[in-house]
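A quick write-up on the structure given underneath.
Throughout, a chain's letter reflects where its sequence line sits, starting with A, and its residues are numbered from 1.
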Amino acid sequence: MNRRREVPSSPPSRIATPEPSADGRASTAAALSHGVLRGLVPLLCLLLAAGATLTLTALAGQLTPGLDFFARRSLSVGITSVGLVSTAVLYAATCIVSLRRVARWQERGDLWVAVGALLALSVTALIVALPLILAVLLPQHPAP
Amino acid sequence: MPAGPGRGPARPASPSPGTKLATTPRAPLVLVRRLTALFLALSGVLTVGYAGIAIYAASRLVYEAPKPIGRTPAALGLAFSPVTFESRGDHVRLQGWFIPGVLPHRRLTAERVIIAVHGLRANREDRDAGMLDLCGQLARHGFAVLAFDMRGMGRSAAAPLSMGINEQRDVLGAVDSLRAGPPPYRALGRPRVVGGWGVSMGASTLLLAASQEPAIRVVAADSAYAAAAPLLEREVPRKGGLPAAFSPGILLAARVLFGVDFYRARPVDVVSRLAPRPVLFIHGLRDDYVPVVNVLYLAAAARVPGSHVQVWLVPEARHAQAFRTMGQVYVRRIVSFFDRALGPATGGVQQ
């Protein structure tokens, strides 16, 4: 009795899809969380740097009461400008490091970690762009 | 099974249990990574650029190089005395001059004093508005005039410009100086009544000050704005050649860096407190800097029970140009307004 060998109708999937299990879901969630936390590092650094800049600017004004307005104005602008540049450099550096990590995770197959990190980085980009978005979209201060 | 001669292409090994694989294909994830990188870079560059421009513009907004004073009342043949006093509350040193009123028979008087408040980025001379000439006219009609440079302008001490928020303390300092400071002309004594005339930012500043100082018995506000923020939101980007979206950032930077909250400069919110003191609002119908709607809002807000509000819309007059446009008509209107509100001058001291 010849049994016809069944021919698969589609090529077999190259990626295994293991049956989800409680352990599997937990490890996926853990990997995702891990990735999200690592991906939030640039945002954290940005907030810390921006906060330090504002604090220094405020402190400079408080600690130099004897200076005239011109000197205080120059000091405020100078500190804020240096702080802005430093924040930008720190932000760029942490983003680059984070993206390289994501690439390594992808290569190693830690894809859920990579997905989590990319999610966090996307949110970071959105938060950074939010002031611009609000400035463009919000209506101007209405007339009295 | 490795690739080699006679063998087919290498096939990926079957996944063994425990391998960390996902259901997500890799190629789209690479694309997502690149798009995320692009989004991060774009948002960073744009936001840093926006912040940098806003900071620079804010530093220019709160500071203006003081304009020199070209003429004094002596150029009009009037006696005057330099005065120095401090603002109320924060003791900013202010400079000005006191012009005694001239009565018939060459008598001088300080009985009725008008505090004259100049516009933004000007000084006690305020050449654009013709303020010195108007002060001279008021003096010749028997009103003494105290004209001074607001903080950060003219010869007064440097301070951030704040569209009236802080400058109102300068006007209040002027009142304090008239009431309790050393009299500029001892023989003339102290004033019986004090009124105010202001132009543009000076008018709005005067409204803010008068709302909390009953000693200012009458106010003439020429080209006042009802609120500063809408004006700045329109003018700051326009004069700087920037898109309007920069306005919120510039005003926020001014607040964070210099402590100036331009959104608080709202004379329209306090002008009702002037009642029952007489108020005259003057505005040019061709004012394209402070739109006419501002005076309509101010007048409407000032009209509460017991108020005495007049509005004079001057045809063909641009911003702060009503006096230059109308000349003696303007002088007569102002003088009669002040005469009715402050009463006639009596006495005086022979010059």
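Of the residues considered (B:A37, B:A51, B:P160), B:P160 shows the highest number of contacts with chain A, using heavy-atom pairs under 4.5 Å. Among B:G44, B:A58, B:A159, B:A41, the residue with the largest count of heavy-atom pairs under 4.5 Å with chain A is B:A159. Top candidate by heavy-atom pairs under 4.5 Å with chain B, chosen from A:C95, A:A103, A:P131, is A:A103. Contact count versus chain B (heavy atoms, under 4.5 Å) is highest, among A:L46, A:L118, A:I96, A:V102, for A:L118. Ranking A:T124, A:T87, A:V136, A:L84 against chain B, the residue ahead of the rest is A:L84, based on heavy-atom pairs under 4.5 Å.
The heavy-atom pair separating A:V77 from B:F258 by the smallest distance is CG2-CZ, 4.1 Å. Nearest heavy-atom pair, A:A129 versus B:S43, reported as atom, atom and distance to 0.1 Å: CB-CB, 3.7 Å.
For chain B, the nearby part of A:T57 is the side chain; its heavy atoms alone come within less than 4.5 Å. Contact of B:V48 with chain A is made through backbone and side chain together, with heavy-atom distances under 4.5 Å. For B:V62, the parts sitting under 4.5 Å from any heavy atom of chain A are the backbone and the side chain alike. B:L46 touches chain A through backbone and side chain together, each having a heavy atom under 4.5 Å away. Residue A:L99 touches chain B through both its backbone and its side chain, counting heavy-atom pairs closer than 4.5 Å.
Side-chain contact between A:L126 and B:F39: present, with at least one pair of heavy atoms (C-beta onward) separated by less than 4.5 Å.
Atom CZ of B:R255 is surrounded by 12 or fewer heavy atoms from other residues, nucleotides or ligands within 6.0 Å. Atom OH of B:Y56 has 12 or fewer heavy atoms from other residues, nucleotides or ligands within 6.0 Å. By the neighbour-count criterion of 12 heavy atoms within 6.0 Å, atom CZ of B:R93 is sparsely surrounded, having that number or fewer from other residues, nucleotides or ligands.
By the salt bridge (charged side-chain N to carboxylate O under 4.0 Å, His left out) test, B:R273 pairs with no residue at all, sequence neighbours left out.
Side chain of B:T47 to backbone of A:V128: a donor-acceptor contact under 3.5 angstrom is found.
In this structure, CZ on B:R33 lies 11.0 Å from CZ on A:R100, to the nearest 0.5 angstrom.
Across A:I79, A:L54, A:T80, a single residue satisfies side chain to side chain contact (heavy atoms under 4.5 Å, CB included) together with B:L257, and that is A:T80.
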